[in-house]
Amino acid sequence: MKIKNPIFCVVVGVLISSLLAGLQSVSAQEGTNQAVFRAGAATANITPYLDGPIVGNFWTPPPASYVHDELHARCLILDDGRTKLIFVIVDNIGLGHNLLDETKRIIQEKTGIQKENILISATHTHSSVSGMGIGEKRRQFDHSNEFDEYQHLLMQRIADVVRIALLNLEPAEIGWGGVNVPEHVFVRRWKMKPGTPMPNPFGGQDKVVMNPGYSENLLEPAAKPDPEVSFISVRTKEGKNIALLANYGLHYVGGVPNDHLSADYFAVFADRIQELLKADRQDPPFVGIMSNGTSGDVNNLNFSKPSIKKDPYIQMREVAFDVAEKVFQVHKEIKFHKWVPLGAATDELTLQVRKPSSKELSRAKEVITKPGTYKPVHVHEITYAHRMIQLEEKWPNDIDIVLQAFRIGDLGVAAIPFEVFAEIGLEIKVKSPFGESFTIELANGGYGYLPSPEQHKLGGYETWYGTNKVEVDASTKIVAKLMELFSKID
């Protein structure tokens, strides 16, 4: 039959086109749903040798004489059938960018996984041997690949744990959630009552004091911590737990003798969450992981009341057990997904190195030439005079840092190579395009503290030359770049 009505022909054509498009859409969706989501996890022992220097304090690092608990690199790998994301959380105070660049090169060579999809961060335990480089190199932006014996071990063991986790990949489900645990996080920078002396090593006065202790001169904390513990959980199709990666903005707990090696509360949490999930003695083993969130100005000391002295390791156990219990309770209610899309984006950001003025530099040179009888205006005045001179003479004018963003369904993960102030992490959560987000600090390098511009105005230890190494507006630029990366994988 010949159809003469042209309008009818157009309508039929549109309907056929829509039907075909719908069929293609359904076909594409079914193809996506047919992809198998997999997860794998593993641990590798990275405990340093005895007699290695334990870093984390101003004074000369004491040699390690005892291992209280083994240090590990803990790995979680997610695979949506198209993209693999790798998390490696390392029990170390901080890992140098040059060490991590070489480690990622090894991983890519051995596995074929691109470095943009590999996130490696340090927990910031203060009871470890340095992963930053040899001697003075750990205080410089040195691009040399010269490493000591322990750092070579670190690189190899981190690469190994990724390869083992890849072999443990199996069909899995994934869920995530969060719970507020404000009881253990306190901003350590305090404003003091008018008239309270707050000298800094540069001959001036700050407006805040780090770790002031309990006293009548306390006025108020200089900011607010992020109380949320975020976590990712993966399990087999049959419900067996594979791994749980948590994130909490708590610098570390401490309470460790100076010559002990310890992974701090991060490891206690990992062990306790395994116990609560009844995941002991599995094959392959369950892997619990605690990463460090935005904790550059946060610790476990509540200076608003007198402290209670406790025996070593008691406080970290109390904190870890409580955090694990609260995560466990919320874990019972989270939704697990059979498949979610994964994505990764990485880019470098150029930042200026923050250097002293000519006047400040002249004063620093005068300080280091003072006679031995000179009484410093601050206990660390001479130390910071040397750091200022090093900034001027040995460090470049700018550096390129690595910023990274992961997507896991409607969850966003940011990675920043600094000790990041809590308010910056909270800002990222507000601005993120994802339903939920968290930030892992000291990831893909370690460049010191990252205060916000407002916190720079207050001064304090975290803003001092050498402790803070980059321009005052660095956090603003970092947040903007992370939002750009998020938008690429949204």
Side-chain angles (χ1 to χ4, degrees), residues 55-61 136 138-141 187-223 251 296-299 301 303 351-399 418-419 421 423 446-476:
V55 294
N57 301 291
F58 269 104
W59 50 83
T60 303
E136 292 300 310
R138 77 184 195 91
R139 291 191 289 272
Q140 298 177 33
F141 301 118
V187 169
R188 67 185 191 177
R189 289 161 52 83
W190 277 75
K191 296 178 181 179
M192 310 297 284
K193 291 179 179 178
T196 304
M198 291 180 276
N200 59 41
F202 315 111
Q205 293 283 324
D206 287 331
K207 297 179 181 179
V208 296
V209 178
M210 181 193 76
N211 293 341
Y214 171 74
S215 79
E216 295 180 352
N217 290 331
L218 297 175
L219 187 60
E220 62 180 2
H251 212 65
D297 56 342
V298 176
N299 64 18
L301 302 173
F303 296 117
L351 297 173
Q352 292 180 352
V353 173
R354 183 167 164 250
K355 296 195 173 186
S357 67
S358 57
K359 182 179 179 180
E360 290 169 323
L361 192 60
S362 295
R363 184 186 182 280
K365 291 178 178 178
E366 289 178 6
V367 167
I368 65 172
T369 59
K370 296 282 188 182
T373 55
Y374 170 67
K375 185 178 179 180
V377 299
H378 187 281
V379 65
H380 297 305
E381 182 180 17
I382 296 174
T383 296
Y384 276 87
H386 282 289
R387 291 187 179 186
M388 291 172 77
I389 294 169
Q390 289 172 354
L391 273 171
E392 178 63 28
E393 297 180 353
K394 297 185 178 181
W395 292 358
N397 291 326
D398 52 54
I399 56 166
F418 289 90
E419 296 177 58
F421 274 34
E423 63 194 65
Y447 296 95
Y449 285 90
L450 185 68
S452 66
E454 289 302 313
Q455 291 295 323
H456 264 290
K457 295 176 183 177
L458 302 178
Y461 166 77
E462 298 89 350
T463 72
W464 293 346
Y465 290 111
T467 306
N468 164 258
K469 303 178 179 72
V470 292
E471 57 185 285
V472 171
D473 292 327
S475 71
T476 303

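Considering only residues two or more places apart in sequence or on other chains, E454 meets the side-chain contact (heavy atoms from CB on, under 4.5 Å) condition with S452, K457. K193 pairs by the side-chain contact (heavy atoms from CB on, under 4.5 Å) definition with T196, L219, not counting sequence neighbours. Shown here are the salt bridge (Lys or Arg N to Asp or Glu O under 4.0 Å) partners of E471, two or more places apart in sequence or in another chain: K477. Not a single ring pair (Phe, Tyr, Trp, His ring centres under 6.0 Å) links H456 to another residue, sequence neighbours left out. Looking at residues two or more places apart in sequence or on another chain, you find no salt bridge (Lys or Arg N to Asp or Glu O under 4.0 Å) involving K365. Applying the side-chain contact (heavy atoms from CB on, under 4.5 Å) rule to V208 yields the partners R189, K191, A222, L458; only residues at least two apart in sequence or on another chain are considered. Every residue two or more places apart in sequence or in another chain that forms a side-chain hydrogen bond (donor to acceptor under 3.5 Å, both in side chains) with S357 is listed here: E360. Remark: P221 engages V187, W190 in a side-chain contact (heavy atoms from CB on, under 4.5 Å) (not counting sequence neighbours).
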Would V209 and M198 count as a side-chain contact (heavy atoms from CB on, under 4.5 Å) if you check the C-alpha gap in whole Å, the side-chain angles of each, and the deciding distance to 0.1 Å? CA-CA 7 Å; V209 178; M198 291 180 276; 3.3 Å; yes
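Between M388 and P356 the shortest heavy-atom distance is CE-CB, 3.5 Å. Across all their heavy atoms, V377 and R363 have their closest contact at CG2-NH2, 3.8 Å. Residues G448 and K469 come closest through the heavy atom pair CA-NZ, 3.7 Å. Closest approach of A385 and I368 over heavy atoms only: CB-CG2, 3.7 Å. Scanning all heavy atoms of the two residues, the minimum distance from A223 to E423 falls at CB-OE1, 3.7 Å. Contact between G296 and E462 at its shortest, heavy atoms only, is O-CG, 3.9 Å.
Side-chain contact check for K355 versus N397: some heavy-atom pair is nearer than 4.5 Å. Between L218 and M192 the shortest side-chain heavy-atom distance falls below 4.5 Å. The shortest side-chain heavy-atom distance between E419 and L450 does not fall under the 4.5 Å cut-off. Contact check for Y465 versus R387: no side-chain heavy atoms found under the 4.5 Å cut-off. A heavy-atom distance below 4.5 Å is not found between the side chains of Y461 and H380. At least one side-chain heavy atom of P453 sits under 4.5 Å from a side-chain heavy atom of S475. D398 has its side chain out of reach of L351: every pair of non-hydrogen atoms, C-beta onward, lies at least 4.5 Å apart. When side chains are defined from C-beta on, V470 counts as touching F418, because their heavy atoms get closer than 4.5 Å.
A distance of 10.0 Å separates OG1 in T383 from NE2 in H378, rounded to the nearest 0.5 Å. Between atom CE of residue M210 and atom CZ of residue F303 there is a gap of 8.5 Å, rounded to the nearest 0.5 Å.
Residue pairs meeting the side chain to side chain donor-acceptor pair (under 3.5 Å) criterion with at least one member in residues 366-376, sequence neighbours excluded: Y374-E381. Listed by first and then second residue, the side chain to side chain donor-acceptor pair (under 3.5 Å) pairs involving residues 204-219 are N200-D206, D206-W464, N211-N299 (not counting sequence neighbours).
Counting only distance, with no hydrogens or angles, the side chain of T467 and the backbone of T463 share no donor-acceptor pair below 3.5 Å.
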